[in-house]
Structure formats: C-alpha cells, structure tokens
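Have a look at the structure below before the remarks.
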Amino acid sequence: MMPEKREERAGQRKLRVRPTPKGRVAEPQAVAEVRQAIDELPRRADLLIEALHRIQDAFGALADRHLVALAHELRLTPAEVYEVATFYHQFDIVRAGDPPPAPLTVRVCDSIACELAGSARLLESLASTLGRSLRVIPTPCVGRCDKAPVAVVGRRPVDRATPESVEEAVLAGRTEPAPPAAIDYRTYRDHGGYRLLAEWHDGGRDVEELIAAIEASGLRGLGGAGFPTARKWRFVRAAPKPRVVVLNADEGEPGTFKDRHCLETDPHRVLEGLLLAARIVEAEEVYIYLRDEYPAIRALIERELAALAADPPCPIPTIHLRRGAGAYVCGEETALLESIEGRRGEPRLRPPFPAQRGLFGRPTLVHNVETVYWLREILEEGPEAFAARGVRGRKGMRHFSVSGRVQRPGVYRAPAGVTARELVEEYAGGMLPGHTFYAYLPGGASGGILPASLADLPLDFDTLAPYGCFIGSAAVVILSDHDRARDAARNLVRFFAHESCGKCTPCRSGTARTLELLEAERWDTALLAELGEAMADASICGLGQAAPNPVRCVMRFFPEELET
C-alpha cells in the first residue's frame with residue numbers, strides 16, 4: 001500500500017485528499033443501470049438487500065460491475081456489498097469473465113417431505129431433459145410440503161410436480177405465481193375486522209386488561225421458542241421509547257407451512273393482530289420480514305397494505321415490508337434483525353436481547369405470524385374460551401402443518417395437546433394405502449424424530465422434553481414402514497449443514513462433520529454423540545443447538561436401523 005501523501009504548510013500537516021477512492025472504480029454505464037434498476041429506492045444501507053433483489057430482478061443475476069456500482073450508489077465499500085450478496089442463497093453472483101446463469105431456473109425442493117415424495121427422481125429426470133436449455137438445481141424447503149414434491153419454475157411453484165407438469169410450465173412460459181384467493185380488506189372490514197383496533201383507539205380497552213387477557217389465554221410464541229406472549233409485551237413496554245415491532249414471516253423450517261396458510265387465506269387477521277401488538281407496546285414503526293420464496297404472498301401483502309393505508313380504521317404506525325433472500329437462519333430473531341438492517345443474517349450474541357436493544361438499536365418486539373393471528377379471536381371470544389379448547393391439560397389451539405405419508409396433508413386447526421396419531425387418523429385422512437405408521441417428526445427438522453409407539457404423546461410445549469424432542473413450529477412429518485429414520489436424519493442434517501451461517505465453529509464444522517459421518521453405512525455413534533454435545537452446548541443459536549436432535553433420536557429410538 002502506498003503511503004498517504006502529506007504537505008507541510010506553516011507548521012501544519014495537511015492531508016492531500018485523493019480524487020477517487022482506492023480499489024475498483026464504478027463504471028459510469030453500470031452506475032446508470034443500477035440507478036434505473038433501484039429507481040426510487042432510498043439510498044440507505046439498510047435497504048441493501050432490497051436493492052440487490054431489484055438488480056437481480058432486472059438483469060437475472062448480480063454482476064461484479066453492478067455490485068461495485070451499487071456500493072458507489074449506497075456509499076458503501078464493495079466488500080460490504082459483496083459480503084451480503086454472497087451470504088444469501090437467492091442471489092446469483094456472476095464474476096467478471098464468468099457466464100451468466102441460464103435465463104430460467106427450475107428449483108426442485110429436496111427437503112424431507114419432498115424427498116419422501118420422490119424429489120430426487122424428479123430432479124434427476126428434469127436435469128436430463130431440461131438441463132441443456134435452462135438451469136435445474138435442488139433447493140431447500142419452499143414451504144409447500146403439503147403439495148410435495150414441489151418444483152419452482154422461475155417464481156411459480158408447480159405442486160405435486162412431475163417431469164411432464166414441470167416441462168409443460170416451462171414451455172408455456174408460466175414463471176410467475178398465481179395470486180392466492182385471500183380475504184381482502186373490504187371483506188375483512190365488513191365482517192368485523194379491525195373493530196378491536198378502532199375501539200381501542202377510541203378508549204374502549206385498557207392496555208393492562210388486554211395484557212392480562214392474553215396471559216390468561218396461555219398464548220405463547222408459535223414460531224418455535226414458545227416464550228409467553230404477555231411476558232414478552234411487558235419486557236418491551238419496560239424499555240424506553242422509541243420501540244419497534246417486527247413480524248417474523250421467514251418460515252423456513254422443513255415441514256412448516258402454517259404461516260403461509262395464514263397469510264394466503266386471512267392476511268388482515270395477521271395484520272390486525274400485528275397492529276394490536278404494536279399498540280400494546282406503543283411502537284412507532286412496524287416491519288414485516290417475509291421470505292423471498294413466497295412471492296405471491298408478497299404481492300398480496302403489498303396490495304392489502306395499500307388498501308389499509310388508503311382507508312385505515314384509525315391512525316396506524318408506519319408499516320415496512322422487507323423480503324428475505326433465502327437464509328433459514330434468518331428465522332432466528334436476531335439474525336432477522338441483522339438482515340432487516342441490510343447485513344448478513346448472522347445471529348447476535350445475547351444479551352442484550354431484542355426487547356432491550358433490537359432493530360436499529362431500539363427495543364423491539366418480534367412476533368411469529370401465527371402468534372398475532374390468534375389475537376383477535378382470543379380478545380373477541382375471551383381468553384377462557386380459547387384456553388379451554390386445549391386437551392389433556394393444555395391451553396388453546398394451534399395450526400399444525402401435517403405432511404409426509406398421509407392421505408390429506410395440510411394445515412389443521414387442532415387443540416394444543418392433540419396427538420400425532422389423532423392428527424393422522426382424525427384430520428389427515430389416515431396413512432397412504434399400503435403404508436403403516438412408523439415414525440414422525442413432531443416439530444419439523446429441529447424437533448427430533450419419534451417412533452409410532454410414542455404417537456399418543458400430547459403435542460405441546462414441554463411435553464416432549466423427556467424424549468429429547470420439542471414441538472417447535474408444530475410441523476408434523478409422518479414416516480411409514482417404507483422409510484428409515486436414519487435416512488430422514490441425514491436429510492435433515494444435510495439441510496442444517498447447508499443453512500449454517502458459518503459464524504460459530506461448533507455449528508459450521510459440526511454440521512458438516514456430522515453429515516460426513518451419516519453418509520457411512522455404519523455410524524460412529526460415539527463420535528456423533530460427542531459432536532452433538534459440543535454443538536448443543538457451544539453453538540450461538542438454535543440452528544446449531546438443535547441440529548443434533550434427529551441423530552440423537554435415531555440412536556435412542558431406532559437402534560435396530562444402525563445394526564449391520
């Protein structure tokens with residue numbers, strides 16, 4: 001590096017300012033193209049991910065020259081732009097001299113429900129028939145496990161995909177998603193929607209009364225952690241203003257699609273609950289973080305937010321809609337906050353907790369989609385009525401995502417405390433013909449694997465802890481006698497290894513090494529147990545802490561599968 005040039009004048013040392021920054025210089029043509037692509041987007045660092053989306057939408061990929069130009073436009077260094085762009089799976093980086101990706105990409109989901117439905121064969125077939133003219137690649141869970149196997153042509157999902165149906169969509173140019181048939185703003189208002197919010201604004205409800213009602217209902221966070229909702233509100237209210245509310249709609253847990261269901265069918269029930277929560281903690285701004293794999297929902301939310309803003313039932317805080325870019329770890333609340341701020345989605349060390357210092361340094365309330373979905377129902381019908389719906393001593397209702405070897409996979413409203421066997425037999429139409437219930441995942445990829453002999457356990461927070469499992473996001477994936485638990489565990493660990501953000505060594509190295517060990521015909525159970533203990537104890541966030549769960553469950557409940 002050349003030394004800085006200085007001049008001595010009248011006893012002063014004066015720094016000679018360079019006319020241009022060191023390093024790569026933005027090309028004028030690239031700057032013009034970037035400006036056109038991001039258009040009216042404010043030039044702020046926290047909007048970096050949205051700017052990257054817009055450039056990729058415009059040019060099909062992120063070329064080196066455009067990344068340098070974007071850094072110039074946002075007054076960031078190229079390194080700051082590159083480190084973010086290369087972190088997220090949805091972005092395609094094209095370095096100078098490399099060919100761009102094919103104009104159309106077909107992504108085949110390879111997560112657990114789709115693998116059970118034959119996604120590996122689908123991927124192989126499409127790669128051989130379509131691979132010469134377009135790009136065919138595997139992708140992690142796209143949140144449509146009830147319609148497995150799923151392929152995504154451009155941005156349009158092809159449900160229960162076959163080679164023929166995918167090829168038909170490609171040839172027909174069907175690359176944009178169809179809009180969901182959701183309850184719109186006017187219909188929602190006509191059926192009593194936002195009445196609670198308006199009444200509260202007019203002085204009809206007391207804040208402490210509302211918090212006490214939610215406390216009595218037993219409502220807990222339904223994204224996985226299960227933290228009591230009312231207690232979280234009190235923590236945030238105790239922190240100084242200004243405060244922020246964030247809706248976590250980055251639903252990426254394999255087997256989970258309940259949030260998609262809530263947003264696609266009744267988006268304003270979610271929005272009203274979100275605004276009620278914002279009222280309770282007196283937040284000035286609200287952020288919705290939606291996974292990029294849900295483009296139809298994004299268009300729906302944009303439309304319905306515009307309708308809400310045009311005719312609000314009462315004054316409402318500013319609502320910002322942000323989209324993710326393909327990173328499962330951003331479901332972790334502090335990684336999500338980092339992403340909203342325009343950075344790599346890496347979990348923060350805690351304390352401080354988001355309730356103390358969260359988004360942009362402000363006290364922040366982070367809620368899952370389903371958590372706020374239930375608020376209107378609880379407050380209208382009464383907390384006692386909601387709590388009484390639970391069975392076997394549990395409180396309330398939940399949305400269960402049921403997939404795998406059942407006849408009617410889908411989202412089912414069922415009481416907390418329902419069993420996996422009841423979900424299979426009374427909700428999902430029983431097992432597929434020729435299949436016998438063998439095992440199940442009670443809480444998606446993170447929640448572990450249990451044998452069918454334990455299918456009569458009540459599903460709720462804390463009930464599965466003695467078995468080394470948890471309900472998490474209530475994603476129940478059913479395995480049959482055609483499957484092996486060890487194969488399911490390998491699929492889940494492959495997902496965790498792919499999605500590890502790499503910030504902490506126990507998770508980054510532990511998931512990769514675990515996957516290597518699972519590929520062997522004979523498992524090194526002693527080393528797997530040691531690795532799992534290190535990951536669970538030392539990983540920064542829940543990804544690394546929960547990644548050993550499927551392997552531990554196989555060794556505990558399915559030892560016969562490990563005998564060779």
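Side-chain contact check for Ser339 and Tyr88: at least one donor-acceptor pair (N or O, by modelled atom type) lies under 3.5 Å. With 3.5 Å as the limit, one finds no donor-acceptor pair spanning the side chains of Thr514 and Thr511. When only modelled atom types and interatomic distance are considered, Asp64 and Tyr82 share a side-chain donor-acceptor pair under 3.5 Å.
Listed here is the closest heavy atom pair of Pro442 and Tyr440: CD-O, 3.6 Å.
Proximity of a side-chain donor or acceptor of Thr139 to a complementary backbone N or O of Cys109 within less than 3.5 Å is not detected. The backbone N or O of Ala355 lies less than 3.5 Å from no partner atom in the side chain of Lys232, so there is not a single donor-acceptor pair. The backbone N or O of Cys114 sits less than 3.5 Å from a side-chain atom of Ser119, completing a donor-acceptor pair. Put simply, the side chain of Thr129 gets close to the backbone of Ser125: a donor and an acceptor are under 3.5 Å apart. A side-chain donor-acceptor contact under 3.5 Å links Asn491 to the backbone of Ile112. Remark: side-chain polar atoms of Asp481 are paired, donor with acceptor, to backbone N or O of Thr436 under 3.5 angstrom. Under the 3.5 Å distance criterion, the side-chain polar atoms of Ser111 are left unmatched by any main-chain donor or acceptor of Pro140. A donor-acceptor contact shorter than 3.5 Å links the side chain of Arg291 to the backbone of Glu251. In this structure a side-chain-to-backbone donor-acceptor pair under 3.5 Å is present from Lys503 to Pro347.
A distance of 6.0 Å separates CG of Leu517 from CG of Asp524, quoted to the nearest 0.5 Å. Atom NZ of Lys395 sits about 11.0 Å away from atom CG of Leu219, to the nearest 0.5 Å. Here the straight-line distance linking atom CZ of Phe496 with atom OG of Ser539 works out to 11.0 Å at 0.5 Å rounding. Remark: Gln56 CD to Ile93 CD1 distance equals 7.5 Å, nearest 0.5 Å. Taken from CG in Leu492 to CD in Glu115, the straight-line distance is 9.0 Å, to the nearest 0.5 Å. The distance from the CD1 atom of Ile49 to the OH atom of Tyr289 is 5.5 Å, given to the nearest 0.5 Å.
By the 4.5 Å heavy-atom criterion applied to side chains, Tyr373 and Leu263 are not counted as neighbours. Residues Leu48 and Glu80 have side chains not in contact (no heavy-atom distance under 4.5 Å, counting atoms from C-beta outward). Annotation: side chain of Val152 is not in contact with side chain of Val158 (no heavy-atom distance under 4.5 Å). In this structure the side chain of Ile449 never reaches within 4.5 angstrom of the side chain of Phe557, judged on heavy atoms. Considering only heavy atoms from C-beta on, Thr419 comes within 4.5 Å of Arg392 through its side chain. For the pair Asp110/Leu123, no side-chain contact is recorded, criterion being any heavy-atom separation below 4.5 Å from C-beta on.
Checked for salt-bridge contact, Glu168 and Arg174 meet the test: a charged N lies under 4.0 Å from a carboxylate O. Taking the charged nitrogens against the carboxylate oxygens, Arg121 and Glu124 have no contact shorter than 4.0 Å, which rules out a salt bridge. A salt bridge does not link Arg486 to Glu561: none of the charged nitrogens lies less than 4.0 Å from a carboxylate oxygen. One finds a salt bridge joining Asp487 and Arg490 here, because a Lys/Arg side-chain nitrogen approaches an Asp/Glu carboxylate oxygen to under 4.0 Å. Salt-bridge formation is detected for the pair Lys258/Glu370: a Lys NZ or Arg NE/NH1/NH2 atom is positioned less than 4.0 Å from an Asp or Glu carboxylate oxygen.
The list of salt bridge (Lys or Arg N to Asp or Glu O under 4.0 Å) pairs with a residue in residues 398-412, not counting sequence neighbours, reads Arg405-Asp483. A salt bridge (Lys or Arg N to Asp or Glu O under 4.0 Å) check over residues 540-556, counting only residues at least two apart or in different chains, returns nothing.
When each of Ser403, Ser473, Ser401 is checked for a side chain to side chain donor-acceptor pair (under 3.5 Å) with Thr256, only Ser473 meets the rule.
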| request: Check the pair Arg155 / Glu176 against salt bridge (charged side-chain N to carboxylate O under 4.0 Å, His left out), numbers first and verdict last. | output: CA-CA 5 Å; Arg155 298 195 302 172; Glu176 293 298 322; 2.5 Å; yes
| request: Kindly determine whether Arg323 and Glu50 satisfy salt bridge (charged side-chain N to carboxylate O under 4.0 Å, His left out), including the steps that lead there. | output: CA-CA 7 Å; Arg323 51 174 159 166; Glu50 179 58 29; 3.0 Å; yes
| Can Val245 and Thr364 be said to form a side-chain contact (heavy atoms from CB on, under 4.5 Å), step by step? | CA-CA 6 Å; Val245 171; Thr364 302; over 6 Å; no
| task | Under the side-chain contact (heavy atoms from CB on, under 4.5 Å) rule, what do Leu321 and Arg298 come out as? Steps first, then yes or no, please. | result | CA-CA 8 Å; Leu321 178 60; Arg298 183 172 71 252; 4.0 Å; yes
| request: Let me see the working for Arg343 and Asp46 under salt bridge (charged side-chain N to carboxylate O under 4.0 Å, His left out), right down to the final yes or no. | output: CA-CA 7 Å; Arg343 293 192 285 269; Asp46 64 291; over 6 Å; no
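Taking the six-membered ring for Trp, His482 and Tyr438 have ring centres at least 6.0 Å apart.
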Would you tabulate the side-chain donor-acceptor contacts of residues 327-337 under 3.5 Å, counting partners in other chains and residues two or more places apart, or write 'none'?
| from | atom 1 | to | atom 2 | distance (Å) |
| --- | --- | --- | --- | --- |
| Tyr328 | OH | Glu253 | OE1 | 2.5 |
| Tyr328 | OH | Ser446 | OG | 3.3 |
| Glu332 | OE1 | Thr334 | N | 2.9 |
| Glu332 | OE1 | Thr334 | OG1 | 2.6 |
| Glu332 | OE1 | Ala335 | N | 2.8 |
| Glu332 | OE2 | Thr334 | OG1 | 3.2 |
| Glu332 | OE2 | Arg350 | NH2 | 3.0 |
| Glu333 | OE2 | Arg350 | NH1 | 3.2 |
| Thr334 | OG1 | Arg348 | N | 2.9 |

Tell me which donor-acceptor pairs under 3.5 Å the side chains of residues 525-537 have, and how far apart each pair is, sequence neighbours excluded?
none

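Because its NZ or CZ atom is both nearer than 6.0 Å to the ring centre of Phe227 and within 45° of the ring axis, Arg231 counts as a cation-pi partner of that residue.
Asp92 pairs by the salt bridge (charged side-chain N to carboxylate O under 4.0 Å, His left out) definition with Arg135, not counting sequence neighbours. Applying the side-chain hydrogen bond (donor to acceptor under 3.5 Å, both in side chains) rule to Arg260 yields the partners Asp146, Glu264; only residues at least two apart in sequence or on another chain are considered.
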